[in-house]
There are 2 protein chains.
Amino acid sequence: MDDSRPADGPRRIKSVQTASEILAAIQRRPDPTFSDVCDELDASKGTVHTYLATLEEEGFVAKVDGRYRLGLRLVTMGETVRNETPLYRAGQLEVDKLADTTNEYVHLTVVSRGKEVTIYESRGDNAVATDYHLRMREAPQYLHCTATGKAMLGHFDDDRVRDIIDDQGLVEQTDNTISDTDRLFDELERIRERGYAVNDEEELRGMRSIGAPIRGVDGDVCGAVSVTAPTSRLSGDRFRSEIPELVMQAANIIEVNLETTTFDPSR
Amino acid sequence: MDDSRPADGPRRIKSVQTASEILAAIQRRPDPTFSDVCDELDASKGTVHTYLATLEEEGFVAKVDGRYRLGLRLVTMGETVRNETPLYRAGQLEVDKLADTTNEYVHLTVVSRGKEVTIYESRGDNAVATDYHLRMREAPQYLHCTATGKAMLGHFDDDRVRDIIDDQGLVEQTDNTISDTDRLFDELERIRERGYAVNDEEELRGMRSIGAPIRGVDGDVCGAVSVTAPTSRLSGDRFRSEIPELVMQAANIIEVNLETTTFDPSR
DNA sequence: CAATCATGTTTGTCTTTCTCAAACATTACA
DNA sequence: TGTAATGTTTGAGAAAGACAAACATGATTG
C-alpha cells in the first residue's frame with residue numbers, strides 16, 4: 001500500500017514509448033480513423049492528435065483521406081536494416097535459386113527478441129498460401145512451430161531455449177504444434193543429429209517445411225533457410241531426403257558466402 | 001531581437017522528433033558506436049543514452065556488440081506498409097513478369113513527400129548495378145531524374161510540379177540531368193503525349209530507363225513502373241518502341257488489377 | 001432545413017518528464 | 001599500474017507533455 005516510489009529502474013523516454021504504441025495501434029488496425037487510434041490508447045484526444053501530427057511530419061505515419069497508415073519511411077528504413085544484415089547479402093541469391101529449383105516458398109530468417117523475422121523470401125512458381133505468407137512477414141513469428149525456428153533453437157544452448165520458452169510460451173497454432181517442453185527438447189535433439197528441422201503442419205494446417213540453420217563466422221547460428229510447400233507436394237522421398245538435402249546445401253553455401261563477404265575489405 | 005515567443009504553430013512532440021533524428025543518424029552512419037550517435041546529435045550523453053535504451057526496448061534499434069543498428073521491427077512494419085499499399089498487391093506479379101521478359105531491373109514506385117519510394121523491385125537475370133539499386137531503396141529519390149518520377153510528374157498538375165521543384169530543387173545527378181525548370185516542363189509535355197518517360201543517363205551514368213505512370217480508380221496517378229538497363233542494351237528499337245510498349249502494357253494491366261482489387265469485398 | 005451528434009483540432013494550464021551536468025563505472029591502452 | 005576513452009547513472013531545474021474543455025467542422029436525422 002506504500003509502494004508509491006517511482007519504482008526506478010533504468011530511465012526511458014515515455015513519449016517515445018507512446019509513439020511506439022501509436023504505431024503499433026495503426027499497424028494492428030487497418031486504416032484506422034483518428035478516433036480509432038484514440039480508442040486503442042488511453043490518452044486524451046488532444047495528446048493523440050499531437051503525436052499523430054509529429055509522426056506524420058516525420059514520415060512514420062501517413063494520412064490518406066482521413067485515415068491513418070504507417071508511412072513509407074518505414075519501408076526505406078526497413079530496407080536499410082535488410083541491406084545491413086550480412087545474412088541477407090550472403091543469402092539472397094541462394095534463396096532465389098532454391099525457390100527456382102523447388103518451385104516453392106523459400107524463407108531466410110533471423111532471430112530477434114525470442115521470435116523470428118523473415119529477412120528475405122522468394123516465391124517459386126508453384127508457391128501457395130501467398131496471402132498467409134504476406135501477412136506473416138508483418139510480425140515476428142514463434143520459433144517453436146516453424147522449420148527455420150526449430151532449426152535455430154536446435155543450435156542454441158539449452159538455457160537460451162528455456163528462456164525463450166518461458167518468455168513466449170509454446171502456443172498451439174495447429175493440432176500438430178509441439179506444446180510440451182520435453183517433447184520440444186527431444187525434437188531439438190533429433191534436429192541437431194539430422195542437421196535439419198521439419199515442420200509437419202505445426203504452423204499451418206496442410207503445409208510442411210524443411211529448414212536448416214546457418215552458422216556465422218563465429219560458429220553461432222545467425223539464421224536459417226527453409227522450403228515450405230503443401231503436404232501433398234512434400235511427402236515421401238521429396239520430404240525425407242530430396243528437399244532436406246537441397247536446403248542443407250543452400251544453408252552451407254550461404255555460410256561460405258558469409259565468411260567471404262564478412263572479410264570483404266570494401267566494408 | 002525580441003522574437004522570444006514560442007513561435008507557436010501546431011504543436012509537436014519534441015521527444016518524438018529527437019527519436020526520429022537518432023534513427024536517422026543511425027541509418028546515415030553504418031554501425032555507429034554510442035559516441036558516434038552522440039556526435040551527430042546536439043544532446044547530452046545522458047539524454048542520448050536514455051533514448052537509445054528506449055528505442056532498443058521498442059525494437060527500433062538493436063545493439064550488436066557495442067554498436068547500434070536499426071532494429072528488425074522496422075522490417076516488419078515496412079512489410080505492413082507495402083502490403084497495405086494497393087499498388088503493391090496489384091502490381092507485384094506484373095513487375096515480376098516484366099523482369100522476366102526483359103531480363104532487366106523493374107521498379108514499382110510511389111510518391112511520398114515530393115520524392116519517390118520503391119515499393120517493389122524485381123531483378124531480371126541480366127540486371128546490373130545491383131549494389132546501387134540496393135542502396136537506392138534505402139532513401140526516397142528525386143523525381144526529376146528517374147523514368148518513374150518523370151512519368152508521375154507528367155501527370156500531376158503544374159502547380160504541384162512547381163511545388164515539388166521548389167521544395168526539392170533540380171539536383172544534377174549526372175551531366176544529363178534536367179536541371180532547368182522550363183526544360184523539365186517541356187519534357188513533361190512530351191511524356192504526356194507519348195505516354196511514357198525516358199531516363200537517359202539522367203540519374204546514373206551508363207543507365208537508361210523507361211517508365212510509365214499508373215492511374216488509380218479515381219484517375220489520379222498513384223505510382224509508376226519502369227525498366228532499367230545499361231545503355232548498351234537499351235538503344236535502337238528496343239529503346240524507342242519495344243521496351244516502352246512492354247512497360248506501358250504492364251502499367252495498363254496493373255491499372256486494371258487496381259480497379260478489380262479495390263472492389264474486392266473481402267477487404 | 002434546423003438541430004443534434006460525431007469527429008477532429010486548438011488552447012490554457014498544471015504536472016510530469018526531459019535534459020543537462022557532473023559524478024560514477026567500465027573498459028581500453030600505454 | 002595509471003591514464004584516457006567510452007559508456008552509464010543520478011539529482012534537480014527547466015521545459016515540454018497531458019488533460020480537459022472549448023472550438024470547429026461535417027454528418028445525420030427528425
Side-chain angles (χ1 to χ4, degrees), chain A residues 2-26 28-71 218, chain B residues 2-26 28-71 218:
Chain A
D2 181 32
D3 55 7
S4 54
R5 282 163 303 156
D8 265 1
R11 290 186 188 173
R12 298 286 123 104
I13 305 292
K14 205 187 158 203
S15 305
V16 172
Q17 294 175 327
T18 306
S20 168
E21 270 178 53
I22 291 181
L23 291 176
I26 295 176
R28 210 175 309 132
R29 209 130 161 182
D31 286 338
T33 157
F34 172 74
S35 26
D36 289 342
V37 178
C38 289
D39 290 350
E40 308 244 344
L41 287 249
D42 45 338
S44 74
K45 288 196 298 176
T47 302
V48 173
H49 184 81
T50 312
Y51 274 91
L52 284 169
T54 313
L55 288 168
E56 190 183 356
E57 194 168 78
E58 298 293 331
F60 292 111
V61 154
K63 189 155 54 170
V64 184
D65 36 60
R67 285 166 177 277
Y68 287 95
R69 292 211 182 147
L70 296 182
D218 52 4
Chain B
D2 183 31
D3 56 7
S4 54
R5 282 163 305 157
D8 264 1
R11 291 186 187 174
R12 299 287 122 103
I13 305 292
K14 205 189 158 203
S15 306
V16 172
Q17 294 175 327
T18 306
S20 168
E21 271 179 51
I22 290 181
L23 292 175
I26 295 176
R28 212 174 308 130
R29 208 130 164 182
D31 286 338
T33 160
F34 171 73
S35 24
D36 289 342
V37 178
C38 288
D39 290 350
E40 309 244 343
L41 287 248
D42 44 338
S44 75
K45 290 195 296 176
T47 302
V48 173
H49 187 263
T50 311
Y51 274 92
L52 283 170
T54 313
L55 288 168
E56 191 183 355
E57 193 168 79
E58 297 294 331
F60 292 112
V61 153
K63 190 155 53 171
V64 183
D65 38 60
R67 284 166 176 280
Y68 288 95
R69 294 210 180 148
L70 296 182
D218 51 4

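Every chain is numbered from 1 and lettered A, B, ... according to where its sequence line falls, protein lines coming before strand lines.
Residue-level contact check: B:Ala43 touches the backbone only, with heavy atoms under 4.0 Å from sugar-phosphate atoms and none from bases. Counting non-hydrogen atoms under 4.0 angstrom, A:Thr50 reaches nothing in the nucleic acid. As judged by a 4.0 angstrom heavy-atom cut-off over every strand, A:Ser44 is placed among the base-contacting residues.
Rounded to a whole Å, the CZ atom of B:Phe34 is 15 Å from the C1' atom of C:dT27. What separates CG of A:Asp36 from C1' of C:dG8 is a distance of 12 Å, to the nearest Å. The separation between A:Glu56 atom CD and C:dG8 atom C1' is 13 Å, rounded to whole Å. Remark: P of D:dG17 and CG of A:Leu41 are 16 Å apart, rounded to the nearest angstrom. A straight line from CD1 of A:Ile13 to P of D:dT8 spans 15 Å, rounded to a whole angstrom. One atom, NZ of B:Lys45, and another, C1' of C:dA23, lie 10 Å apart when rounded to the nearest Å. For the pair A:Gln17 CD and C:dT17 P, the interatomic distance rounds to 10 Å; values are reported in whole Å. Across the protein-nucleic acid pair, A:Glu21 atom CD and D:dG17 atom P stand 16 Å apart, rounded to whole Å.
Within the structure, a side-chain polar atom (N or O) of A:Lys63 is placed less than 4.0 Å from OP1 or OP2 of C:dT9. Contact between the side-chain N/O atoms of B:Thr47 and the OP1/OP2 oxygens of C:dC20 is found at a separation under 4.0 Å. Within the 4.0 Å cut-off from OP1 or OP2 of D:dG17, not a single side-chain nitrogen or oxygen of A:Thr18 is found. The phosphate of C:dT17 (OP1 or OP2) has no side-chain N or O of B:Ser15 nearer than 4.0 angstrom. Between B:Tyr51 and C:dT19 there is a side-chain polar atom (N or O) within less than 4.0 angstrom of OP1 or OP2. Within the structure, a side-chain polar atom (N or O) of A:Lys14 is placed less than 4.0 Å from OP1 or OP2 of C:dT17.
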Test side-chain contact (heavy atoms from CB on, under 4.5 Å) applied to B:Leu52 and B:Ile26, step by step: CA-CA 10 Å; B:Leu52 283 170; B:Ile26 295 176; 4.0 Å; yes
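Here the nucleotide nearest the side chain of A:His49, chosen from D:dA18, C:dT9, C:dT19, is C:dT9. Candidate nucleotides D:dT8, C:dG12, C:dG8 were compared by shortest atom distance to the side chain of B:Arg11, and C:dG12 ranks first.
Nucleotides of DNA chain C nearest to A:Ser35 and B:Asp42 differ in position, and the one nearer the 5' end is that of A:Ser35.
Contact detail for A:Thr50 and B:Arg11: the closest heavy-atom pair is CG2-O, 3.4 Å. Closest approach of A:Asp31 to A:Arg67, counting heavy atoms only: O-NH1, 2.6 Å.
The base of C:dT17 is not paired with the side chain of A:Arg12 by any donor and acceptor separated by under 3.5 Å. At a cut-off of 3.5 angstrom, counting only N and O atoms as typed in the model, there is no donor on one side facing an acceptor on the other between the side-chain of A:Arg67 and the base of C:dG8.
One N or O on the side chain of A:Thr54 and one on the backbone of B:Ile13 form a donor-acceptor pair closer than 3.5 Å. The backbone N or O of B:Val16 sits nowhere less than 3.5 Å from a side-chain atom of B:Ser20 that would complete a donor-acceptor pair.
In this structure, the side chains of B:Asp36 and B:Thr33 come closer than 4.5 Å at one or more pairs of heavy atoms.
Counting heavy atoms of neighbouring residues, nucleotides and ligands inside a 6.0 Å radius, atom CG of B:Asp218 exceeds 12 of them.
Under the 30°/60° scheme for interplanar angles, the aromatic rings of B:Tyr68 and B:Phe34 are found to be tilted.
The end-to-end axis angle of the helix from C:dC1-D:dG30 to C:dA30-D:dT1, rounded to 10 degrees and based on five pairs per end, is 40°.
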